[in-house]
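All values below come from the heavy atoms of this structure, side chains included, with hydrogens, waters and symmetry mates left out. None of these values were measured; they are calculated from a predicted model.
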Amino acid sequence: MTATTTASTELAANRRDIRPGRIIAWTLLFIGGLIMITPLLFMFSTSLKTSGQVYDLRLIPAAPTLDNYVRVLSDGRFMQWFFNSTFIALTVTLSNVFFDSLVGYTLAKFEFRGRYFIFLAILSTLMIPTEMLVIPWYLMSSQLGWIDSYWGIMFPGLMTAFGTFLMKQFFEGVPNDFLEAARVDGLNEFTIWWKIAMPMVVPAISALAIFTFLGNWTAFFWPLIVTTSKELYTLPVGISSFSAESSIQWELIMTGAALGTIPTLLVFLALQRFIVRGVMLAGLKG
(Lines give C-alpha, C1' and ligand atoms only; values in the text may rest on other atoms or scores of the structure.)
Protein backbone atom coordinates (compact mmCIF):
# COMPACT_ATOMS: atom_id res chain seq x y z
CA MET A 1 0.00 0.00 0.00
CA THR A 2 2.82 2.38 0.91
CA ALA A 3 4.65 1.61 -2.33
CA THR A 4 1.50 2.29 -4.33
CA THR A 5 0.95 5.59 -2.55
CA THR A 6 4.56 6.61 -3.13
CA ALA A 7 4.34 5.75 -6.83
CA SER A 8 1.12 7.74 -7.17
CA THR A 9 2.69 10.71 -5.44
CA GLU A 10 5.73 10.60 -7.70
CA LEU A 11 3.51 10.31 -10.78
CA ALA A 12 1.45 13.31 -9.71
CA ALA A 13 4.64 15.28 -9.06
CA ASN A 14 5.95 14.40 -12.51
CA ARG A 15 2.68 15.47 -14.07
CA ARG A 16 2.88 18.82 -12.25
CA ASP A 17 6.44 19.25 -13.51
CA ILE A 18 5.53 18.40 -17.11
CA ARG A 19 2.29 20.34 -17.37
CA PRO A 20 3.79 23.89 -17.28
CA GLY A 21 6.30 22.90 -19.94
CA ARG A 22 3.59 21.55 -22.18
CA ILE A 23 1.49 24.67 -21.70
CA ILE A 24 4.43 26.87 -22.68
CA ALA A 25 5.22 24.70 -25.70
CA TRP A 26 1.61 24.74 -26.92
CA THR A 27 1.40 28.51 -26.36
CA LEU A 28 4.56 29.14 -28.39
CA LEU A 29 3.33 26.77 -31.09
CA PHE A 30 0.01 28.59 -31.27
CA ILE A 31 1.67 32.01 -31.46
CA GLY A 32 4.09 30.82 -34.15
CA GLY A 33 1.27 29.28 -36.20
CA LEU A 34 -0.79 32.44 -35.88
CA ILE A 35 2.12 34.57 -37.09
CA MET A 36 2.65 32.26 -40.07
CA ILE A 37 -0.97 32.21 -41.24
CA THR A 38 -1.69 35.91 -40.68
CA PRO A 39 -0.51 36.95 -44.19
CA LEU A 40 -2.64 34.19 -45.69
CA LEU A 41 -5.69 35.32 -43.73
CA PHE A 42 -5.04 38.93 -44.73
CA MET A 43 -4.85 37.90 -48.40
CA PHE A 44 -8.23 36.14 -48.30
CA SER A 45 -9.70 39.00 -46.27
CA THR A 46 -8.54 41.60 -48.79
CA SER A 47 -9.99 39.56 -51.64
CA LEU A 48 -13.43 40.03 -50.03
CA LYS A 49 -13.10 43.81 -49.70
CA THR A 50 -14.06 46.65 -51.99
CA SER A 51 -11.45 49.12 -53.24
CA GLY A 52 -12.41 51.54 -50.48
CA GLN A 53 -11.78 48.94 -47.76
CA VAL A 54 -8.39 47.66 -48.95
CA TYR A 55 -6.40 49.72 -46.47
CA ASP A 56 -8.62 48.68 -43.59
CA LEU A 57 -6.44 46.23 -41.64
CA ARG A 58 -9.32 44.33 -40.08
CA LEU A 59 -9.26 40.63 -40.96
CA ILE A 60 -13.05 40.48 -41.11
CA PRO A 61 -14.30 42.91 -43.77
CA ALA A 62 -17.07 45.28 -42.77
CA ALA A 63 -19.01 44.46 -45.96
CA PRO A 64 -17.59 41.30 -47.56
CA THR A 65 -18.26 40.82 -51.26
CA LEU A 66 -17.57 38.21 -53.93
CA ASP A 67 -17.52 40.73 -56.77
CA ASN A 68 -13.73 40.51 -56.99
CA TYR A 69 -13.90 36.77 -57.63
CA VAL A 70 -16.53 37.27 -60.32
CA ARG A 71 -14.38 39.88 -62.06
CA VAL A 72 -11.21 37.79 -61.95
CA LEU A 73 -12.87 34.52 -63.01
CA SER A 74 -14.64 36.27 -65.86
CA ASP A 75 -11.26 37.34 -67.24
CA GLY A 76 -10.34 34.71 -69.84
CA ARG A 77 -6.64 35.30 -69.27
CA PHE A 78 -6.83 34.11 -65.68
CA MET A 79 -8.53 30.87 -66.64
CA GLN A 80 -5.88 30.28 -69.33
CA TRP A 81 -3.10 30.84 -66.79
CA PHE A 82 -4.84 28.49 -64.39
CA PHE A 83 -5.02 25.81 -67.09
CA ASN A 84 -1.34 26.32 -67.98
CA SER A 85 -0.21 25.87 -64.39
CA THR A 86 -2.41 22.80 -63.91
CA PHE A 87 -1.25 21.14 -67.13
CA ILE A 88 2.43 21.86 -66.51
CA ALA A 89 2.37 20.85 -62.84
CA LEU A 90 0.55 17.56 -63.54
CA THR A 91 2.75 16.67 -66.53
CA VAL A 92 5.99 17.36 -64.68
CA THR A 93 4.74 15.47 -61.62
CA LEU A 94 3.89 12.36 -63.65
CA SER A 95 7.24 12.57 -65.44
CA ASN A 96 9.11 12.82 -62.13
CA VAL A 97 7.28 9.91 -60.57
CA PHE A 98 7.97 7.72 -63.61
CA PHE A 99 11.56 8.60 -64.52
CA ASP A 100 12.92 9.33 -61.03
CA SER A 101 11.49 6.05 -59.77
CA LEU A 102 12.90 4.13 -62.71
CA VAL A 103 16.38 5.62 -62.35
CA GLY A 104 16.31 5.25 -58.57
CA TYR A 105 15.33 1.59 -58.90
CA THR A 106 18.12 0.97 -61.40
CA LEU A 107 20.74 2.58 -59.16
CA ALA A 108 19.49 0.74 -56.08
CA LYS A 109 18.97 -2.77 -57.43
CA PHE A 110 21.42 -3.28 -60.30
CA GLU A 111 25.16 -3.82 -60.01
CA PHE A 112 27.07 -2.28 -62.91
CA ARG A 113 30.32 -0.45 -63.46
CA GLY A 114 30.16 3.27 -62.76
CA ARG A 115 26.98 3.09 -60.74
CA TYR A 116 28.30 5.09 -57.81
CA PHE A 117 29.96 7.63 -60.11
CA ILE A 118 26.64 8.21 -61.87
CA PHE A 119 24.86 8.56 -58.55
CA LEU A 120 27.43 11.09 -57.30
CA ALA A 121 27.16 13.01 -60.56
CA ILE A 122 23.39 13.20 -60.12
CA LEU A 123 23.73 14.34 -56.51
CA SER A 124 26.31 16.98 -57.46
CA THR A 125 23.66 18.81 -59.47
CA LEU A 126 21.84 19.56 -56.22
CA MET A 127 24.73 21.83 -55.25
CA ILE A 128 24.29 24.08 -58.30
CA PRO A 129 21.93 27.04 -57.73
CA THR A 130 19.04 27.26 -60.15
CA GLU A 131 20.09 30.77 -61.16
CA MET A 132 23.35 29.38 -62.59
CA LEU A 133 21.46 26.90 -64.77
CA VAL A 134 19.10 29.43 -66.32
CA ILE A 135 21.52 30.54 -69.05
CA PRO A 136 22.32 26.98 -70.25
CA TRP A 137 18.62 26.14 -70.14
CA TYR A 138 17.75 29.23 -72.15
CA LEU A 139 20.46 28.62 -74.77
CA MET A 140 19.33 25.02 -75.11
CA SER A 141 15.68 26.07 -75.44
CA SER A 142 16.59 28.69 -78.04
CA GLN A 143 18.64 26.27 -80.16
CA LEU A 144 15.91 23.61 -80.08
CA GLY A 145 13.06 26.03 -80.70
CA TRP A 146 11.46 25.58 -77.30
CA ILE A 147 11.20 29.27 -76.37
CA ASP A 148 7.65 30.29 -75.57
CA SER A 149 6.27 26.76 -75.50
CA TYR A 150 4.94 24.31 -72.94
CA TRP A 151 7.91 22.04 -73.57
CA GLY A 152 10.32 24.89 -72.88
CA ILE A 153 8.70 25.51 -69.52
CA MET A 154 8.62 21.86 -68.51
CA PHE A 155 11.85 20.27 -69.72
CA PRO A 156 14.19 21.41 -66.86
CA GLY A 157 11.97 19.67 -64.29
CA LEU A 158 10.95 16.48 -66.06
CA MET A 159 13.61 14.64 -64.02
CA THR A 160 15.17 15.79 -60.77
CA ALA A 161 18.20 14.79 -58.75
CA PHE A 162 16.24 15.05 -55.51
CA GLY A 163 13.56 12.67 -56.77
CA THR A 164 16.16 10.19 -57.96
CA PHE A 165 17.95 10.29 -54.61
CA LEU A 166 14.70 9.92 -52.67
CA MET A 167 13.50 6.95 -54.69
CA LYS A 168 16.90 5.24 -54.63
CA GLN A 169 16.99 5.42 -50.84
CA PHE A 170 13.56 3.83 -50.58
CA PHE A 171 14.18 1.16 -53.20
CA GLU A 172 17.27 0.05 -51.27
CA GLY A 173 14.90 -0.96 -48.48
CA VAL A 174 12.88 -3.25 -50.75
CA PRO A 175 13.88 -6.89 -49.99
CA ASN A 176 15.71 -8.53 -52.86
CA ASP A 177 13.94 -11.82 -52.11
CA PHE A 178 10.71 -10.44 -53.56
CA LEU A 179 12.45 -9.37 -56.72
CA GLU A 180 14.25 -12.70 -57.13
CA ALA A 181 10.99 -14.58 -56.67
CA ALA A 182 9.41 -12.46 -59.41
CA ARG A 183 12.34 -13.20 -61.74
CA VAL A 184 11.94 -16.91 -61.08
CA ASP A 185 8.28 -16.56 -62.06
CA GLY A 186 9.40 -15.17 -65.40
CA LEU A 187 8.57 -11.48 -64.99
CA ASN A 188 10.73 -8.99 -66.87
CA GLU A 189 12.53 -6.20 -65.04
CA PHE A 190 10.10 -3.46 -66.03
CA THR A 191 7.15 -5.49 -64.75
CA ILE A 192 9.02 -6.27 -61.54
CA TRP A 193 9.70 -2.57 -61.01
CA TRP A 194 6.12 -1.58 -61.78
CA LYS A 195 4.15 -4.33 -60.02
CA ILE A 196 6.48 -5.44 -57.21
CA ALA A 197 8.79 -2.60 -56.22
CA MET A 198 6.60 0.46 -56.81
CA PRO A 199 3.73 -0.63 -54.51
CA MET A 200 6.28 -1.07 -51.72
CA VAL A 201 7.46 2.57 -51.84
CA VAL A 202 4.10 4.35 -52.00
CA PRO A 203 5.01 6.84 -49.21
CA ALA A 204 8.04 8.00 -51.19
CA ILE A 205 6.02 8.26 -54.40
CA SER A 206 3.36 10.29 -52.61
CA ALA A 207 5.88 12.69 -51.09
CA LEU A 208 7.69 13.10 -54.41
CA ALA A 209 4.46 13.74 -56.30
CA ILE A 210 3.19 16.28 -53.79
CA PHE A 211 6.43 18.25 -53.56
CA THR A 212 6.87 18.23 -57.33
CA PHE A 213 3.33 19.42 -57.97
CA LEU A 214 3.54 22.23 -55.43
CA GLY A 215 6.98 23.29 -56.64
CA ASN A 216 5.84 23.54 -60.25
CA TRP A 217 2.53 25.15 -59.36
CA THR A 218 4.36 28.02 -57.63
CA ALA A 219 7.31 28.23 -60.07
CA PHE A 220 7.94 31.77 -61.24
CA PHE A 221 11.53 32.45 -62.27
CA TRP A 222 12.01 30.05 -65.19
CA PRO A 223 8.48 30.39 -66.69
CA LEU A 224 8.95 34.17 -66.61
CA ILE A 225 12.17 33.93 -68.61
CA VAL A 226 11.18 31.32 -71.19
CA THR A 227 7.73 32.67 -72.10
CA THR A 228 6.97 35.80 -74.08
CA SER A 229 3.27 35.47 -74.98
CA LYS A 230 0.70 35.99 -72.25
CA GLU A 231 -1.28 32.96 -73.42
CA LEU A 232 1.52 30.70 -72.09
CA TYR A 233 1.97 32.43 -68.74
CA THR A 234 1.66 30.24 -65.68
CA LEU A 235 -0.48 31.46 -62.81
CA PRO A 236 2.32 33.12 -60.77
CA VAL A 237 3.68 34.90 -63.85
CA GLY A 238 0.19 35.89 -64.93
CA ILE A 239 -0.69 37.30 -61.54
CA SER A 240 2.57 39.25 -61.58
CA SER A 241 1.70 40.82 -64.93
CA PHE A 242 -1.86 41.32 -63.73
CA SER A 243 -0.59 43.23 -60.71
CA ALA A 244 1.51 45.44 -62.98
CA GLU A 245 -1.55 46.28 -65.04
CA SER A 246 -3.75 46.77 -61.97
CA SER A 247 -1.23 48.34 -59.64
CA ILE A 248 -3.84 50.24 -57.65
CA GLN A 249 -6.47 47.47 -57.58
CA TRP A 250 -5.09 45.51 -54.68
CA GLU A 251 -8.37 43.72 -54.10
CA LEU A 252 -8.13 42.10 -57.56
CA ILE A 253 -4.48 41.22 -57.06
CA MET A 254 -5.26 39.55 -53.74
CA THR A 255 -8.19 37.73 -55.31
CA GLY A 256 -5.96 36.28 -58.04
CA ALA A 257 -3.39 35.25 -55.43
CA ALA A 258 -6.11 33.65 -53.30
CA LEU A 259 -7.46 31.65 -56.24
CA GLY A 260 -3.93 30.48 -57.00
CA THR A 261 -3.41 29.43 -53.40
CA ILE A 262 -6.63 27.44 -53.00
CA PRO A 263 -5.44 24.37 -55.03
CA THR A 264 -2.26 24.09 -52.96
CA LEU A 265 -4.26 24.27 -49.75
CA LEU A 266 -6.64 21.58 -50.99
CA VAL A 267 -3.72 19.33 -51.98
CA PHE A 268 -2.14 19.76 -48.57
CA LEU A 269 -5.36 19.19 -46.62
CA ALA A 270 -6.23 16.10 -48.64
CA LEU A 271 -2.75 14.53 -48.63
CA GLN A 272 -1.11 15.89 -45.50
CA ARG A 273 -0.75 12.43 -43.96
CA PHE A 274 1.23 11.33 -47.01
CA ILE A 275 3.41 14.43 -46.78
CA VAL A 276 4.24 13.88 -43.12
CA ARG A 277 4.78 10.15 -43.56
CA GLY A 278 6.94 10.61 -46.64
CA VAL A 279 9.13 13.25 -44.98
CA MET A 280 9.54 11.15 -41.84
CA LEU A 281 10.50 8.03 -43.77
CA ALA A 282 12.79 10.01 -46.05
CA GLY A 283 14.61 11.29 -42.97
CA LEU A 284 14.96 7.77 -41.63
CA LYS A 285 16.20 6.44 -44.98
CA GLY A 286 18.64 9.31 -45.39
Side-chain angles (χ1 to χ4, degrees), residues 88-137 139-141 143-144 146 151-216 219 222 271-286:
I88 291 169
L90 288 176
T91 303
V92 174
T93 299
L94 293 175
S95 175
N96 270 257
V97 170
F98 182 83
F99 289 109
D100 291 352
S101 299
L102 193 59
V103 175
Y105 175 78
T106 302
L107 292 173
K109 294 302 180 181
F110 288 91
E111 295 286 345
F112 55 90
R113 184 176 300 178
R115 180 179 66 158
Y116 292 105
F117 175 78
I118 294 173
F119 182 59
L120 290 176
I122 293 173
L123 285 184
S124 65
T125 61
L126 291 173
M127 305 176 189
I128 304 175
T130 302
E131 292 75 11
M132 295 180 63
L133 296 173
V134 167
I135 294 178
W137 287 348
L139 293 176
M140 180 179 176
S141 298
Q143 293 173 359
L144 296 175
W146 294 345
W151 184 254
I153 299 174
M154 294 187 296
F155 87 90
L158 293 177
M159 290 182 62
T160 62
F162 169 76
T164 301
F165 168 75
L166 178 67
M167 298 310 300
K168 176 182 179 297
Q169 296 301 102
F170 272 82
F171 278 125
E172 286 182 345
V174 174
N176 291 326
D177 294 341
F178 291 98
L179 308 182
E180 292 296 335
R183 293 187 183 103
V184 171
D185 290 338
L187 297 181
N188 58 53
E189 292 298 334
F190 184 86
T191 305
I192 293 173
W193 163 73
W194 181 253
K195 293 188 175 181
I196 305 299
M198 288 288 279
M200 301 180 72
V201 293
V202 170
I205 296 174
S206 302
L208 175 61
I210 293 167
F211 292 142
T212 303
F213 179 86
L214 295 180
N216 283 273
W222 174 247
L271 304 175
Q272 59 180 324
R273 63 188 183 93
F274 292 105
I275 298 176
V276 175
R277 185 181 178 189
V279 171
M280 291 177 60
L281 292 178
L284 293 175
K285 293 291 181 180

Can you tell me if [X] has over 12 outside heavy atoms packed within less than 6.0 Å of its [atom1]?
| X | atom1 | value |
| --- | --- | --- |
| Ile135 | CD1 | no |
| Phe117 | CZ | no |
| Trp146 | CH2 | yes |
| Phe178 | CZ | no |
| Phe112 | CZ | yes |

Looking at side-chain heavy atoms only, is the closest gap between [X] and [Y] below 4.5 Å?
| X | Y | answer |
| --- | --- | --- |
| Trp151 | Leu158 | yes |
| Thr130 | Trp137 | yes |
| Phe162 | Leu126 | yes |

Polar side-chain atom of [X] near backbone of [Y] as donor-acceptor pair, under 3.5 Å:
| X | Y | value |
| --- | --- | --- |
| Thr93 | Ala89 | yes |
| Ser95 | Val92 | no |
| Lys109 | Val174 | yes |
| Asn188 | Phe190 | yes |
| Thr212 | Ala209 | no |

Report the distance from atom [atom1] of [X] to atom [atom2] of [Y], rounding to the nearest 0.5 Å.
| X | Y | atom1 | atom2 | result |
| --- | --- | --- | --- | --- |
| Leu166 | Asn96 | CG | CG | 11.0 Å |
| Leu90 | Phe213 | CG | CZ | 5.5 Å |
| Ile122 | Thr164 | CD1 | OG1 | 5.0 Å |
| Leu123 | Ile118 | CG | CD1 | 12.0 Å |
| Asn216 | Thr91 | CG | OG1 | 9.5 Å |

Nearest heavy-atom pair of [X] and [Y]: which atoms, and what distance?
| X | Y | result |
| --- | --- | --- |
| Met159 | Asp100 | CA-OD1, 3.7 Å |
| Ala182 | Ile192 | CB-CG1, 3.7 Å |
| Ser141 | Phe155 | OG-CE2, 2.9 Å |
| Ile205 | Met167 | CG1-CE, 3.7 Å |
| Lys168 | Phe119 | CD-CE1, 3.2 Å |
| Phe171 | Ala108 | CB-CB, 3.8 Å |

Parallel, tilted or perpendicular: which one describes the rings of Trp193 and Tyr105, with boundaries at 30° and 60°? tilted

